[in-house]
Colleague: 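Handing you a structure now.
On a predicted model such as this, the values are computed, not experimentally measured, just so you know. We name chains A, B, ... by the order of the sequence lines, and we start the count at 1 in each one.
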Amino acid sequence: MATWTEPVTNRASGSARMTYKDMNRITGNLVWLYDYLTEQGVTVEGSAYSKTDWTQNDIVTYDQWMELRTCLSAVCSAIGYRPEKAPTNTMSYTNINNVETIELIVHDMAVILDDLARINHWIGDPLYSGDDINAGGLYT
Amino acid sequence: MTTINEQNSNQIRKPMEVYVRMDLSDKSITMTYSGYSSAKIADGKLDQTDWKMRKLTDLQGDGYPLDSSCALYNPNTTASASSGKIGVRGNIGQPVSVTITGSSVMDSATIIVTGASSVSHDGGTSAIIGSSVIVSIEDSSATLTFSPKSADRRVEISDIVPGVMFNVTNENMISCTLSLRADLSIVDPTLPESELNLEFYNDEDISEILAAIPEDTPITYRAGYDGDLSPERKFYVAGQVTYKDNVISVHAVDAVHLIRNVDGAFSLSVDDEMVEDMTLTNLYRIEEFFESVLDASRITYEETGWIGFNDPAYVRRATLVEDGSDMRQLFADIMNLFHIKGLGIYVDQSAGYDQSEEFWPSYVDAGRPKLQFQKSPKSRVIQESDCADVIRSIDRKIESITFNNEIINIPNTESVGRWEFMSAQIGKVTSYKNGSAFVAFDGYAYNWVFNLLNKEISNSSAVYATSAMMPTSTSGGYHDVAPRVFAGDNTAGFGTKLVGPDTPQYVNDYGYTVYTQVVPWNAYYFPDEYWFSNMAGMWTWLQSRGYVSSSDESLEVRISGMALAKESSPITVGDGAEDSAIEIKSTLLGQVYGSTTDGGRAEEIFPSKSLQSLFDRSPNTGSFTWKGDPRMQPRDVFTFVRLDGTEIDCTIEQIDLEHVGGGTTAKITYREGIV
């Protein structure tokens, strides 16, 4: 399974640059999200992103970027998250911040969902059955 | 994408990109390109020298900037002038080869390439300094192999053309200075040439090639920032291109230089925007006006264009045949005298124009005038506080014009700009303590009348001034005191009485007294101690000064009010400042009547209105150095915000734009008003 790397979401100006390491982090996280959600039994449309081995020799193509947007949209849909602002094809720092912010939000939602699932597992236990949150709640 | 306006607003700006090209390529040879299969990506458009290399989302080196300037690489995007091209781009750290084949034997080829340290072929290896290299071919084909500059960069080939083409960019440029000129003089303006002076590095001695560069070889210039470059300007080589100590020096001039003799032809065209905003009828009015003047001036012309909604090109070619006047002088006269008010042209107000019904020829790159019927838009506001080397001057005042021996006197009642520096303005607030003396104004005033008998001061435009002050006290907090208007008549707060050197006036309030007086220094030189007659046309040194007296030693008095002038930049007076009569000798003759109403033909518009424009032309001129490239040219109008906040419309007469050491400055010479 791919590893999760903390996204960079604080680029402040157009002087920020996009390197192959950034592309590896963004696509690697995207694959991680796909794998993680799938492991949790969440259905993600399509397949995992196909490229995580970017080098300095690469030139990001239109098709590769469109695939990235499609995969990002798929993991968002799988978890029921609708981003406030959809990624675009403009290579601006705000757009890339947005891409990585979406990944981060999906990541956090997925982990919380997983935690809730674990809590749900304990419903029925005398210790938790009277809990206001879980007893008769959304996940019972 | 950064823009020139963004950069100009910064204290620290990115170095401006400068592109200068001298194209001596052999247009008779067609070149094809092949054998670049080792490239990472390529479209082979190496002969499209005007197409820019498309900035791509390239991860080489330290990646690409996230400033929206880079596009995702899409092999389906067709190369074009607007979308740019791919050229030939290698893999990082790897050599790349291109085979060139010409339609005939090529002596040499010019290559524009980045990321390469050298290029080798059968004839040897040439080092690449900067982004261009000229290699000797002596064959109809050659395979060129480019070595990368470093392991993390890719070779990117933009152009390969037969012959010689110099591409000068920031990488190999030492300096590039443009001097763009107009002549806004009131009397006998000339048609000045604009010029470009360029120095750039070239590691190979190509003196022989340079020696063969003919006069008038075109050079193109653009500058700005990627995505926001200036329009292309054309210059033409003038004089020998030289090579010394690895530096090539070029002197070039604009197309005015090409207007050399009486047989030359010129063209006048109507501005495209004007065509869009005007009705066909009004275009005919301008055409009629123009042709009427040419007819009256015995200038023959031929039509080479047609006015129409679908054909905005309106061109007249004219040749002087009878009087033998110089074609350049005809140009100068047109530029000087075709600023005419009241032509009766309907303008589309929805397009942002007003109904001032003015038109005049505007400066066009390469020196070709074109008719434009409205004010140039004020494209920039320039703060004097952002400028260095500020100089102000005044050339002359006109009271009568002799126009080709016909004397036309027009009362000069409202000279534009003359009094601006003397108008009443709120002065800089300054604090003074007891015993302080201060000077509110110290400088020249023009054309003032002093009547010491009645202690009056005035000028011929019936504008009055004195040194009324508005003191406030710091005691118990600031509070306003009504400005003291000195004894006598007053209009809108202007005092009309001169505060003579022996009669200081004062304001007394809150325990302090402020004495003020205006001193016309050179009045002392007149023999009559009581009455000085009309000093029209004379320059007088005025000083407005004051003194603070208070019983409270700690009390501060804040002085503001009607300082006569507050600008710190000096004003110098030209030699012709006291000339009041001028003589205009023009190649443009006759009279033209125009309509001020639809169908009317009642009013003479030429030459009277032309001469009125000369009267209205301000004698105030000046110059300053600005921090960047204002992206303007001669005859453009800007708003000059003086140190005291006064806003003045000014017309640019000359810009010296200098690119050197990565920095750009513009020295601007202007005339006040819209010329």
Side-chain angles (χ1 to χ4, degrees), chain A residues 5 7-30 49-73 85-104, chain B residues 1-3 6-7 10 12-15 38-43 53-78 83-96 115 148-156 225-228:
Chain A
T5 307
V8 176
T9 61
N10 60 350
R11 298 172 184 87
S13 74
S15 60
R17 302 184 76 87
M18 185 76 144
T19 68
Y20 72 99
K21 293 176 183 173
D22 294 316
M23 283 301 293
N24 281 333
R25 181 182 63 253
I26 292 169
T27 56
N29 283 345
L30 198 49
Y49 193 74
S50 59
K51 180 175 173 64
T52 55
D53 58 348
W54 300 90
T55 70
Q56 288 184 313
N57 194 35
D58 284 311
I59 299 171
V60 183
T61 69
Y62 175 82
D63 289 345
Q64 288 168 332
W65 188 255
M66 291 306 291
E67 181 191 354
L68 186 150
R69 288 178 57 182
T70 301
C71 290
L72 190 58
S73 175
K85 194 172 169 185
T88 69
N89 290 344
T90 301
M91 291 298 114
S92 65
Y93 72 97
T94 53
N95 189 37
I96 304 304
N97 278 346
N98 188 37
V99 167
E100 296 213 63
T101 299
I102 293 170
E103 287 188 335
L104 183 59
Chain B
M1 181 185 79
T2 185
T3 66
E6 289 173 359
Q7 291 298 319
N10 296 336
I12 300 173
R13 296 175 296 279
K14 291 171 62 176
S38 60
K40 170 84 172 173
I41 56 174
D43 62 12
M53 290 285 272
R54 195 179 309 153
K55 287 184 71 174
L56 297 175
T57 48
D58 192 340
L59 299 175
Q60 68 169 318
D62 57 353
Y64 60 89
L66 289 172
D67 57 2
S68 308
S69 65
C70 296
L72 295 158
Y73 171 56
N74 188 345
N76 296 322
T77 301
T78 305
S83 67
K85 64 182 180 180
I86 300 300
V88 174
R89 309 188 193 201
N91 291 291
I92 65 163
Q94 299 296 313
V96 64
K149 194 176 283 183
S150 65
D152 66 346
R153 306 295 301 185
R154 71 178 88 249
V155 173
E156 299 182 43
Y225 297 94
D226 191 39
D228 187 22

Colleague: Please confirm whether the backbone N or O of A:T90 pairs with a side-chain atom of B:S68, one donor and one acceptor, at under 3.5 Å?
Modeller: no

Colleague: If I compare all heavy atoms of B:L59 with all of A:T19, which pair ends up nearest, and what's the gap?
Modeller: CD2-C, 3.7 Å

Colleague: Quick one: CG on B:D62 to CE on A:M18, what's the gap to the nearest 0.5 Å?
Modeller: 13.5 Å

Colleague: A:N95, A:D22, A:N89: which one forms the most heavy-atom pairs within less than 4.5 Å of chain B?
Modeller: A:N89

Colleague: Please give me the minimum heavy-atom distance between A:Q56 and B:R154, naming the atom from each residue.
Modeller: O-NH2, 3.5 Å

Colleague: Is any side-chain heavy atom of B:L66 closer than 4.5 Å to one of A:R17?
Modeller: no

Colleague: Are B:K40 and A:N57 close enough that some pair of their side-chain heavy atoms sits under 4.5 Å apart?
Modeller: yes

Colleague: List in chain and number order the residues that pass side-chain contact (heavy atoms from CB on, under 4.5 Å) with A:K51, two or more places apart in sequence or in another chain; answer none if no residue qualifies.
Modeller: A:Y49, A:D53, A:W54, A:D58, A:Q64

Colleague: By a 4.5 Å heavy-atom criterion (distance strictly below it), what part of A:T94 contacts chain B: side chain, backbone, both, or neither?
Modeller: neither

Colleague: How close do B:I41 and A:I59 get, heavy atom to heavy atom, and via which atoms?
Modeller: CD1-CD1, 3.5 Å

Colleague: When rounded to the nearest 0.5 angstrom, what is the spacing between CG in B:D152 and OH in A:Y20?
Modeller: 9.5 Å

Colleague: Side chain from CB out, backbone as N, CA, C, O: work out which of these in A:S15 comes under 4.5 Å of a heavy atom of chain B, or both, or neither.
Modeller: neither

Colleague: In terms of heavy-atom proximity below 4.5 Å to chain B, should A:M23 be classed as side chain, backbone, both, or neither?
Modeller: side chain

Colleague: Based on non-hydrogen pairs under 4.5 Å, which of B:L56, B:N91, B:N76 is most in contact with chain A?
Modeller: B:N91

